[in-house]
Amino acid sequence: MTLNSGWWQNPWRLMLAVNAAVLVGVFLHKIALPPFVPYIHLLVDYHYGFTKRALVGAIVSLFTDKVPVWLVFALAGAIWLVTLGLFIKLFRRTFGFNDAHWPLFVFMAGSPFFLKNFMHTLGHFDIYGCALTMVLLLIPARSMVYVLIAALFSILLILVHHIFVLMYVPTITAIVVLRFYLVQGVTPRNAVFGIAALAGVGILFLVAQFAGTVDVPYDEFIRHLQSRMADPSRTDLLQFGYIWYQPLSKEFADTWARMPSNILGVPVFALLIWLHTPLWRYFARLIGALASELHRRIVLGALVMISAGYFVMFVTVFDYSRWISNWAVCMFLMLHATRMLPASKDVPLIPADDRKTTISGWIVTLIPRVGIVRPF
């Protein structure tokens with residue numbers, strides 16, 4: 001490849017190469033100096049009956065009695081690669097790959113909110129919601145089977161972690177409305193089916209939240225987890241066992257106790273969101289170009305609903321960097337869903353030759369990730 005090749009003439013392609021290098025750096029840092037290994041979630045199963053946040057651990061228990069720490073990174077790395085593949089396939093289907101679409105791809109795939117932050121949070125379950133939502137965007141939505149699949153995905157996610165009821169289930173619901181009900185039309189039959197599916201998902205969340213607490217003494221619970229560890233001496237990895245006993249009121253209290261210091265990160269989050277302005281402007285143009293006024297109102301209503309769910313999470317649990325990052329990912333996914341609706345006119349893409357846009361693209365590219373609780 002010569003210096004005059006497309007990679008050097010097109011800065012957006014070069015940004016992709018830099019993003020790949022940054023991803024490798026984030027991965028190496030995660031492996032060498034892991035700030036937190038969410039290992040305990042692979043140990044908790046249904047040994048004491050129905051338990052919240054236990055589905056993944058229960059599945060792991062079907063294959064091995066002793067869980068090594070490296071399995072956290074193996075499973076998380078596998079789902080990360082699957083998510084990358086799904087996004088590439090989704091982007092190709094929705095937009096295609098050509099020079100005009102590289103800025104759009106960079107602002108999404110290269111965003112510190114998305115794949116780079118999922119790399120930093122390896123082992124957390126957020127990425128499962130993203131992956132299953134992308135599957136819903138890729139499969140046909142021609143019958144009520146689609147609604148059933150969406151409900152099953154939502155149920156799986158809540159069994160993995162009940163916070164998905166706010167994190168990705170609203171986005172899944174919005175995508176079902178946009179891709180199925182707005183296209184196929186609402187009938188009494190499919191409306192009742194959809195309402196019943198929503199009710200079932202809601203009931204499961206309530207059961208997980210209020211009836212999924214472990215009802216044996218804490219010491220007994222910890223001893224069971226140690227019996228599943230490949231190295232039982234690593235008791236430091238069990239320090240978060242209390243979350244299976246913590247009531248919702250305690251989560252509120254902990255979050256608000258940390259609020260004065262953690263709220264200082266909000267201006268940083270706002271800056272990171274502002275750096276994606278070319279992407280948000282394109283999204284706004286997509287919404288404005290929709291052929292139906294009803295469609296525009298429903299998309300805007302869905303965005304408000306999704307954002308409201310994240311606001312509730314923000315005041316309930318203090319992993320703010322994760323919530324902001326997943327909110328942005330949900331916006332990316334909703335952009336794809338909106339693009340699939342009928343439009344009345346062509347929408348101008350993100351300009352590839354605009355200086356300010358290019359500078360924003362480089363800054364977004366060079367930011368390695370957002371974090372888990374506080375920015376960076």
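A 4.5 Å side-chain heavy-atom check between D45 and T51 finds every atom pair outside the cut-off. Residues Y282 and P103 have side chains not in contact (no heavy-atom distance under 4.5 Å, counting atoms from C-beta outward). Residues F210 and V207 fail the side-chain proximity criterion, which asks for heavy atoms closer than 4.5 Å. When side chains are defined from C-beta on, M313 counts as touching M167, because their heavy atoms get closer than 4.5 Å. The shortest side-chain heavy-atom distance between H276 and F283 does not fall under the 4.5 Å cut-off. When side chains are defined from C-beta on, M108 counts as touching H336, because their heavy atoms get closer than 4.5 Å. You'll find the side chain of F153 stays beyond 4.5 Å of the side chain of T133, heavy atoms only. The side-chain heavy atoms of T316 and L166, taken from C-beta on, include no pair separated by under 4.5 Å.
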- Task: Begin with the C-alpha distance, continue with both residues' side-chain angles, and end with the deciding distance and a verdict on side chain to side chain contact (heavy atoms under 4.5 Å, CB included) for M229 and L238.
- Result: CA-CA 10 Å; M229 298 175 69; L238 302 177; 3.7 Å; yes

- Item | Chi angles and distances behind the side chain to side chain contact (heavy atoms under 4.5 Å, CB included) call for L75, L42 | CA-CA 10 Å; L75 290 176; L42 300 189; 4.2 Å; yes

- Pair I175-L137, side chain to side chain contact (heavy atoms under 4.5 Å, CB included): steps then yes or no: CA-CA 7 Å; I175 287 171; L137 286 168; 3.8 Å; yes

- Full working for salt bridge (Lys or Arg N to Asp or Glu O under 4.0 Å) between R258 and D254: CA-CA 6 Å; R258 295 168 179 253; D254 288 348; over 6 Å; no

- side chain to side chain contact (heavy atoms under 4.5 Å, CB included) between V44 and R53: does it pass, once the steps are laid out? CA-CA 8 Å; V44 180; R53 308 178 183 181; over 6 Å; no

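Within a 6.0 Å radius of OH in Y218, more than 12 heavy atoms belonging to other residues, nucleotides or ligands are found. More than 12 heavy atoms of other shown residues, nucleotides or ligands fall within 6.0 angstrom of atom CG in D236. Around NZ of K66, the count of heavy atoms belonging to other residues, nucleotides or ligands within 6.0 Å exceeds 12. The 12-atom threshold is not exceeded at CZ of F27, counting heavy atoms of other residues, nucleotides or ligands nearer than 6.0 Å.
Between Y168 and F164, the ring-plane angle classifies as tilted under the 30° and 60° cut-offs. Using a 30° and 60° split on the angle between ring planes, F107 and W12 fall in the tilted class, from 30° to 60°.
Closest approach of P11 to W362, counting heavy atoms only: O-CZ2, 4.1 Å. Of all non-hydrogen atoms in I222 and G241, the two that sit nearest each other are CD1-CA, 4.4 Å. When all heavy atoms are compared, the tightest approach of A109 to L115 is O-CD1, 3.8 Å.
Pairs of residues two or more places apart, or lying in two chains, never qualify as salt bridge (charged side-chain N to carboxylate O under 4.0 Å, His left out) while including a residue from residues 299-309.
Screening F125, F240, Y128 for a ring-ring contact (aromatic ring centres under 6.0 Å, His included) with H41, the sole residue that qualifies is F125. Between F314 and the options Y320, F252, W323, W327, a ring-ring contact (aromatic ring centres under 6.0 Å, His included) holds for only Y320.
Using a 4.0 Å cut-off between a side-chain N of Lys or Arg and a carboxylate O of Asp or Glu, E220 and R223 do not qualify as a salt bridge.
Criterion: ILVMFWY side-chain heavy atoms under 4.5 Å apart, direct or through other members. Under it, L286 and V183 are not part of a common hydrophobic cluster. L23 and I31 end up in the same hydrophobic cluster when Ile, Leu, Val, Met, Phe, Trp and Tyr side chains are linked at under 4.5 Å. Under the 4.5 Å side-chain contact rule for hydrophobic residues, L62 and F50 share a cluster. Hydrophobic cluster membership differs between L264 and F318, with clusters built from Ile, Leu, Val, Met, Phe, Trp and Tyr side chains linked at under 4.5 angstrom. Under a hydrophobic-cluster definition in which Ile, Leu, Val, Met, Phe, Trp and Tyr are linked whenever side-chain heavy atoms come within less than 4.5 Å, directly or via other members, V82 and L90 are assigned to the same cluster.
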Cut-off 3.5 Å, no hydrogens considered: what does the side-chain donor-acceptor table look like for residues 141-150, sequence neighbours left out?
from, atom 1, to, atom 2, distance (Å)
S143, OG, V145, N, 3.3
Y146, OH, L136, O, 2.6
Y146, OH, R179, NH1, 3.3

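Proximity of the aromatic rings of F91 and F97 is defined here by a centroid distance below 6.0 angstrom, and this criterion is met. Proximity of the aromatic rings of F332 and F113 is defined here by a centroid distance below 6.0 angstrom, and this criterion is not met.
I372 contributes atom CD1, which lies 4.5 Å from atom NE2 of H120 (distance to the nearest 0.5 angstrom). Atom CD1 of I306 and atom CG of L333 lie 9.0 Å apart (nearest 0.5 Å). To the nearest 0.5 Å, atom CZ of residue F105 and atom CE of residue M15 are 13.5 Å apart. Note that CE of M334 and CG of L178 are 4.5 Å apart. Values are rounded to the nearest 0.5 Å. Taking CG of L132 as the reference point, atom CD1 of I172 lies at 6.5 Å (rounded to 0.5 Å).
Residues meeting the side-chain hydrogen bond (donor to acceptor under 3.5 Å, both in side chains) test with D126, sequence neighbours left out: R322, N326.
Of the N and O atoms on the side chains of R374 and S261, at least one donor lies less than 3.5 Å from an acceptor on the other residue. There is a side-chain donor-acceptor pair under 3.5 Å between N98 and H101.
Under the 3.5 Å distance criterion, the side-chain polar atoms of Q226 are matched with a main-chain donor or acceptor of P232.
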